[in-house]
Novice: 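Can you read through this structure? Questions will come right after.
Note that the coordinates shown come from a computational prediction; the quantities given were computed from them, not determined experimentally.
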Amino acid sequence: SSGINAEWPLRPGVDFPCALFHRELRELCPDAAVLLTQRDTNLWVRSMTDLLATGDKLRKYRWLLKYFHSQQLDQFIIISDFIHKKAFGKMTRKELVSSYNTHNASLAADPRVTVME
């Protein structure tokens with residue numbers, strides 16, 4: 001079997017928040033290809049820290065941003081809020097590094113995952 005079902009269009013999941021739900025997604029789609037792209041840990045931490053800082057600024061000025069309403073801005077705020085509240089918001093740098101490395105190691109240990117370096 002090709003694993004492709006005409007009733008289920010192919011829909012890739014990329015990065016966040018899919019990474020938080022990779023186990024559940026793989027249970028739903030056990031034949032799905034899973035690629036793990038490993039980044040330099042320090043670059044990932046800097047990227048996440050910058051994203052969280054941007055989200056903090058957006059939340060602080062949300063009252064002003066309503067005058068510059070756009071769907072993309074709304075989506076960014078929703079994603080930023082989710083990341084901040086549910087995932088990494090109050091983590092120290094050391095905790096971010098540990099979280100990133102633990103996540104990557106658990107995926108890389110799975111023989112069904114293709115690791116891209």
Side-chain angles (χ1 to χ4, degrees):
S1 160
S2 67
I4 297 175
N5 183 335
E7 295 178 25
W8 284 82
L10 299 175
R11 304 224 188 247
V14 180
D15 202 13
F16 198 88
C18 295
L20 289 181
F21 307 108
H22 67 91
R23 288 178 190 87
E24 293 83 355
L25 291 170
R26 290 189 322 190
E27 283 182 28
L28 289 171
C29 306
D31 295 331
V34 178
L35 304 176
L36 170 64
T37 304
Q38 294 185 323
R39 296 174 61 184
D40 176 88
T41 303
N42 291 318
L43 292 176
W44 180 85
V45 169
R46 184 171 51 193
S47 174
M48 185 57 61
T49 303
D50 290 347
L51 176 66
L52 291 171
T54 301
D56 288 342
K57 290 174 189 169
L58 288 174
R59 276 187 293 287
K60 183 176 179 180
Y61 295 105
R62 186 175 260 168
W63 64 270
L64 177 63
L65 293 172
K66 68 182 178 184
Y67 298 107
F68 302 97
H69 180 73
S70 78
Q71 186 176 3
Q72 288 178 326
L73 181 60
D74 288 345
Q75 289 172 347
F76 181 83
I77 290 172
I78 290 168
I79 291 169
S80 176
D81 280 351
F82 180 83
I83 292 170
H84 194 272
K85 292 176 185 174
K86 302 290 185 189
F88 307 110
K90 299 297 179 188
M91 286 187 175
T92 65
R93 184 183 194 297
K94 183 177 180 180
E95 290 168 329
L96 282 170
V97 168
S98 176
S99 175
Y100 181 74
N101 289 334
T102 300
H103 172 79
N104 282 352
S106 72
L107 278 172
D110 187 329
R112 299 172 297 166
V113 173
T114 301
V115 179
M116 312 292 287
E117 295 193 34

Novice: Can you name the side chain to side chain donor-acceptor pair (under 3.5 Å) partners of N101, sequence neighbours left out?
Specialist: T41
Novice: Using side-chain heavy atoms (C-beta onward) and a distance below 4.5 Å, is M48 in contact with S99?
Specialist: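 Answer no - side chains too far apart.
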Novice: So, for R39 and Y100, which heavy atoms are closest and what is the spacing to 0.1 Å?
Specialist: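 Here R39 and Y100 meet closest at N-OH, 2.8 Å.
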Novice: Which donor-acceptor pairs under 3.5 Å do the side chains of residues 107-114 make with protein atoms, sequence neighbours left out?
Specialist:
{"from": "D110", "atom 1": "OD1", "to": "R112", "atom 2": "N", "distance (Å)": "2.8"}
{"from": "D110", "atom 1": "OD1", "to": "R112", "atom 2": "NE", "distance (Å)": "3.2"}
{"from": "D110", "atom 1": "OD2", "to": "R26", "atom 2": "NH1", "distance (Å)": "2.9"}
{"from": "D110", "atom 1": "OD2", "to": "R26", "atom 2": "NH2", "distance (Å)": "2.9"}
{"from": "D110", "atom 1": "OD2", "to": "R112", "atom 2": "NH2", "distance (Å)": "3.0"}

Novice: Give, for atom CG of D40 and atom OG of S47, the distance between the pair rounded to the nearest 0.5 Å.
Specialist: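 Here the interatomic distance stands at 11.5 Å.
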Novice: Among V45, T92, T102, whose side-chain contact (heavy atoms from CB on, under 4.5 Å) with V97 holds?
Specialist: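 Going through V45, T92, T102 one by one, the side-chain contact (heavy atoms from CB on, under 4.5 Å) with V97 is satisfied by V45 alone.
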